[in-house]
J.: 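Before I ask anything, let me first share the structure, which is written out below as structure tokens.
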Amino acid sequence: MSEKLALLGDEAVALGAIHAGISAAYGYPGTPSSEIMQYLIDEFEKGGPIARWCSNEKTALEAALGVSFAGCRALVTTKHVGLNVAADPLINAALLKIKGGLVIAVADDPGMHSSQNEQDSRFYSNFAMIPCLEPRNQQEAYEMIREAFDISEKFNVPVLVRLVTRLAHARAAVSPRKERAKNPVSKTTETNGWVLIPSAARKNYAALLEKQTEIQEWSSNHPANKLTGSINENIITDLAIITSGLGCNYYEENLEEFIALRKKEGKNAPVHLHIGAYPLPEKIVRSICKNTEKVIVIEEGQPFIMQMIFGIAGNKKSIIPCGELDPDNIREALGLAPRKSISLQIDNLPQRPPILCQGCPHIDSYQTIKKAVFALDPRQGHPDVGINSDIGCYSLGVAEPLAVPESIVCMGACVGMAKGASEAGLKYALAVIGDSTFIHSGITPLIDAVDANAAMTLIILDNSSVAMTGCQPTIVKSKNLKNLILGCGVNPDHLLILDAKPTLVEENAVKLKTEIEYKGLSVVIFVRECLEAIRKQRAKNK
């Protein structure tokens, strides 16, 4: 396959997984990782490997574990905060005798373009004691995802492949290679390798610890951990540069100017170590830190490498501020002057935050909530009413002119928070959650609320779509949502389904107010399909 393809980093991962011979892929939508699974689903519909969205990241990884148990290769896709949801099976999977290759492709979001925090998934690989690969371009993304399955089967552990937003969503030429055949189904016969009762888990943990020497040797010799320049044990050099991921690209964009500056100062080019495979290649790093006066670390995300070299380098280090990097914001650490630029002074430029689409059903739902809440407590700030909300398109309702949600924490948190607020004595406790987020993480706290008959109102905004991440379909269809909620034990007399229409705002507000005033658990579902999802489906059907 010599023909080059123009692929997003996400698409390169998807194609690499197909060419690695996966039998199945699972995930939950989350920017910037969503395009991986969407590419795989499109290929699945053409006869490719199985690819399915799941209720959440935990169920996705557990399905992938079943594929591995059967001897086949599986991919899991998630964004960084989604990996938190899958942390339980991930950490335990490191203790299993992985048979079919198991790879987790996780897309971090430095700069928080579409996320509520900026965590670094490399810490998970270190915590789980499993290998991690970090590509710096689309071709590496394709190659590394293929290699990751081989590494998984070599060491019998899961492998993490870490992307970041700029790589996931940028397009470049990729040269694919010949597709590998799928593994045949061959169920594991090493039962003790998969049964994590304490007696077996202790043995498996000891085995994982024993693997670390071999995994460290693999990392130290990996071609992605490339050393440019030489370390002389008898000479202390003034500077070394350590890069990872896209940090290397940005360093190289400044390299010519940086080398010219060093020559002008009578200095040689610095030693440069690029790290693309983890665990950290300790021998190389130790040698660099021992024989260098100053070390500059250029890494995107949290200070993972920096923390690792604390114990190696002592206080001999110079670290670039973390967050999203670019060629300009690393220049100061390299001693380079800022690039010349034009500064435009524009006064009183109005802000343009993201807003809900025109005609979005959430607008009508929020208008209904506002009217009901005002009727309950017209005072400034509505001190008797708490409105906990959640992650999704409807989080945009926090801004004016709607300004409804008062808390947004993580997937499903609003349900438990409303329960806790009601039990603390807040008069009216509301939880506002989307249908997909409810399926993802809202069912279990609803069961808690049922058990306590908490005096709260759960409001589900059912638009039949995971709209914010690309309009993927909700796992549980609208027609089945009612039965699911009743199955959790909700009193049918206090399960209300309303059409989210502008003509019904006044009427719906009266009905909603009645349920909020009920001194027990009530559930109200606002139903109307996402307009953007309808548009996309029509375009697809043409």
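Computation of the quantities below employed the complete heavy-atom set of this structure, encompassing side-chain atoms and omitting hydrogens, waters and symmetry-equivalent molecules.
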J.: Looking at T514 and V510, would you say the former's side chain and the latter's main chain have a donor-acceptor pair under 3.5 Å?
T.: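 Looks like yes, one N/O pair under 3.5 Å.
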J.: One thing to verify: whether R528 and D499 come together as a salt bridge, which I'm taking to mean a side-chain N less than 4.0 angstrom from a carboxylate O.
T.: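 Answer for the salt bridge query: no.
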J.: Ion pair present between D448 and K419, side-chain N to carboxylate O less than 4.0 angstrom?
T.: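 Salt bridge flag = no for K419 with D448.
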J.: Using modelled atom types and a 3.5 Å cut-off, is there a donor and acceptor pairing between side-chain atoms of H80 and backbone atoms of N117?
T.: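 Yes, H80 side chain to N117 backbone: donor-acceptor pair under 3.5 Å.
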J.: Could you tell me which residues satisfy ring pair (Phe, Tyr, Trp, His ring centres under 6.0 Å) with Y366, sequence neighbours excluded, listed by chain and number?
T.: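 Scan of Y366 (ring pair (Phe, Tyr, Trp, His ring centres under 6.0 Å), adjacent residues dropped) gives none.
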J.: Apply side-chain contact (heavy atoms from CB on, under 4.5 Å) to the pair L15 and L7, showing each step before the final yes or no.
T.: CA-CA 9 Å; L15 185 62; L7 299 176; 3.8 Å; yes
J.: Test your reading of the model: is there a side-chain donor-acceptor pair from E299 to the backbone of I305, 3.5 Å cut-off?
T.: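 Yes; judged by distance alone, with no hydrogens or angles, the pair exists.
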J.: A side-chain contact here means heavy atoms from C-beta on lying under 4.5 Å apart; do Y428 and I387 qualify?
T.: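 Counting from C-beta outward, Y428 and I387 never come under 4.5 Å.
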J.: Just how far is it from atom CD of E406 to atom SG of C414, taken to the nearest 0.5 Å?
T.: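 Interatomic distance, E406 CD to C414 SG, rounded to 0.5 Å: 12.5 Å.
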J.: Between K477 and T474 (side chain of the first, backbone of the second, donor and acceptor by atom type, cut-off under 3.5 Å), is there such a pair?
T.: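 Between the backbone of T474 and the side chain of K477 there is a qualifying donor-acceptor contact (under 3.5 Å).
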J.: Answer whether the closest heavy-atom distance between the side chains of T368 and F526 falls below 4.5 Å.
T.: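 Yes. Closest side-chain heavy atoms under 4.5 Å.
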J.: State, without any angle test, whether N84 and Q119 hold a side-chain donor-acceptor pair at a distance under 3.5 Å.
T.: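 Yes.
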J.: Any side-chain heavy-atom pair from V385 and L426 closer than 4.5 angstrom?
T.: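 No, every pair of side-chain atoms sits at 4.5 Å or beyond.
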J.: If we ignore hydrogens and angles and just use 3.5 Å, is the side chain of D108 paired with the main-chain N or O of S121 as donor and acceptor?
T.: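 Yes.
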J.: For L458 and V524, run side-chain contact (heavy atoms from CB on, under 4.5 Å): C-alpha distance rounded to whole Å, both residues' side-chain angles, the deciding distance at 0.1 Å, then the answer.
T.: CA-CA 6 Å; L458 171 60; V524 178; over 6 Å; no
J.: Just by distance, no angles: are the side chains of D109 and T165 close enough, under 3.5 Å, to form a donor-acceptor pair?
T.: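 Yes, a side-chain donor-acceptor pair sits under 3.5 Å.
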J.: How about Y28 and S436: does a side-chain donor come under 3.5 Å of a side-chain acceptor?
T.: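 Side chains of Y28 and S436: pair found under 3.5 Å.
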J.: Below 4.5 Å, heavy atoms only, C-beta onward: do I525 and L496 meet side chain to side chain?
T.: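 They are not in contact (no side-chain heavy atoms under 4.5 Å apart), so the answer is no.
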J.: Check this for me: R379, atom CZ, are more than 12 non-hydrogen atoms of other residues, nucleotides or ligands nearer than 6.0 Å?
T.: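 Yes, because the 6.0 Å sphere around CZ of R379 holds more than 12 heavy atoms from other groups.
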J.: If we ignore angles and hydrogens, is there a donor and acceptor under 3.5 Å between the side chains of S115 and E118?
T.: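 E118 and S115 do not have a side-chain donor-acceptor pair below 3.5 Å.
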J.: Got a second to check how far N483's CG is from I485's CD1, nearest 0.5 Å?
T.: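 Reported to 0.5 Å precision, the distance equals 9.5 Å.
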J.: Would you please classify the geometry between the Y518 ring and the H494 ring as parallel, tilted or perpendicular, with 30° and 60° separating the classes?
T.: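 Because their plane-to-plane angle is under 30°, the rings of H494 and Y518 count as parallel.
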J.: Give a yes or no on this: more than 12 heavy atoms of other residues, nucleotides or ligands lie within 6.0 Å of atom CD of Q358.
T.: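 Result for CD/Q358: open.
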J.: Would W53 and I41 count as a side-chain contact (heavy atoms from CB on, under 4.5 Å) here? Give the steps.
T.: CA-CA 9 Å; W53 293 118; I41 288 173; 3.2 Å; yes
J.: Looking just at side-chain N and O atoms, do S464 and S478 make a donor-acceptor pair shorter than 3.5 Å?
T.: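 Yes.
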J.: Salt bridge between D328 and R339, side-chain N to carboxylate O under 4.0 Å?
T.: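 Yes, this pair counts.
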J.: Would you check if the side chain of Y278 reaches a backbone N or O of R122 as a donor-acceptor pair within less than 3.5 Å?
T.: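 Checked: no pair found.
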J.: Applying salt bridge (charged side-chain N to carboxylate O under 4.0 Å, His left out) to R166 and D326, what does each step give before you reach the verdict?
T.: CA-CA 10 Å; R166 297 295 176 185; D326 59 46; over 6 Å; no
J.: May I ask you to check whether over 12 heavy atoms, not counting those of I355, lie within 6.0 Å of atom CD1?
T.: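 12 or below, so no.
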J.: Nearest 0.5 angstrom please: I443 CD1 to F438 CZ, how far?
T.: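 If I round to the nearest 0.5 Å, the distance is 5.0 Å.
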J.: Are the side chain of Q302 and the backbone N or O of D120 linked by a donor-acceptor pair below 3.5 Å?
T.: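 Side chain of Q302 to backbone of D120, a donor-acceptor pair under 3.5 Å: yes, one is there.
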J.: Check the pair H169, E35 against side-chain hydrogen bond (donor to acceptor under 3.5 Å, both in side chains), reporting the backbone distance first and the verdict last.
T.: CA-CA 9 Å; H169 286 170; E35 288 83 359; 3.1 Å; yes
J.: Does K479 NZ have over 12 foreign heavy atoms under 6.0 Å away?
T.: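 Result for NZ/K479: open.
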J.: Quick check: closest heavy atoms across P29 and Q472, and the distance to 0.1 Å?
T.: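 Minimum heavy-atom separation between P29 and Q472: CB-OE1, 3.5 Å.
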J.: Taking I433's backbone N and O only, do any of them form a donor-acceptor pair with T437's side chain (distance below 3.5 Å, no angle check)?
T.: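 Here the side-chain-to-backbone pair does not exist.
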J.: Considering only heavy atoms from C-beta outward, does the side chain of R52 approach that of I50 to under 4.5 Å?
T.: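 Yes, at least one pair of side-chain atoms sits under 4.5 Å.
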J.: CD/Q537 to CG/N541 distance, rounded to the nearest 0.5 angstrom?
T.: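 Separation between the atoms: 4.5 Å.
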J.: Is any side-chain heavy atom of I98 closer than 4.5 Å to a side-chain heavy atom of P158?
T.: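 Side-chain contact under 4.5 Å: yes.
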J.: Which heavy atom of I22 sits nearest to which heavy atom of P49, and what is that distance?
T.: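 Reported closest heavy-atom pair: O-CB, 3.5 Å.
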J.: Taking the side chain as C-beta and beyond, is there a heavy-atom pair between Q138 and R171 under 4.5 Å?
T.: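 A side-chain contact under 4.5 Å is absent here.
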J.: Could you tell me whether the side chain of D377 reaches within less than 4.5 Å of the side chain of P383, counting heavy atoms only?
T.: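 They are in contact (side-chain heavy atoms under 4.5 Å apart), so the answer is yes.
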J.: Determine whether V398 and L396 satisfy the following criterion, side-chain contact (heavy atoms from CB on, under 4.5 Å), listing intermediate values before the conclusion.
T.: CA-CA 5 Å; V398 75; L396 299 177; over 6 Å; no
J.: Restricting to salt bridge (charged side-chain N to carboxylate O under 4.0 Å, His left out), what partner residues turn up for E532, sequence neighbours left out?
T.: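 E532 satisfies salt bridge (charged side-chain N to carboxylate O under 4.0 Å, His left out) with R535 only.
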J.: Looking only at atom types and distance, does a side-chain atom of K370 sit under 3.5 Å from a main-chain N or O of L402, one as donor and one as acceptor?
T.: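 A pair under 3.5 Å: yes.
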J.: Could you tell me the separation between the CG atom of L430 and the OG1 atom of T457, rounded to the nearest 0.5 Å?
T.: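 Rounded to the nearest 0.5 Å, the CG-OG1 separation comes out at 5.0 Å.
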J.: Do other residues, nucleotides or ligands put more than 12 heavy atoms under 6.0 Å from Q116 CD?
T.: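 Enclosed.
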J.: Once you round to the nearest 0.5 Å, how far does CG of L280 lie from CD1 of I242?
T.: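 Result: 7.0 Å between the selected atoms.
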J.: When you compare the side chains of H440 and E57, does any donor N or O come within less than 3.5 Å of an acceptor on the partner?
T.: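 Checked: H440/E57 side chains pair up, N/O donor to acceptor below 3.5 Å.
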J.: Is it true that E253 and N249 share a donor-acceptor pair across their side chains at a distance under 3.5 Å?
T.: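 E253 and N249 do not have a side-chain donor-acceptor pair below 3.5 Å.
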J.: Please report the closest heavy-atom contact between M37 and A25, naming both atoms and the distance.
T.: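 Between these two residues, the closest heavy atoms are CE-C, 3.6 Å.
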J.: Regarding E515 and K511, does a basic nitrogen lie under 4.0 Å from an acidic carboxylate oxygen?
T.: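 Looking at K511 together with E515, the answer is no, because their closest N to O distance does not fall below 4.0 Å.
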J.: Under the 3.5 angstrom rule, does the side chain of K79 hit a backbone N or O of S114 as a donor-acceptor pair?
T.: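 Side chain of K79 to backbone of S114: a pair is present.
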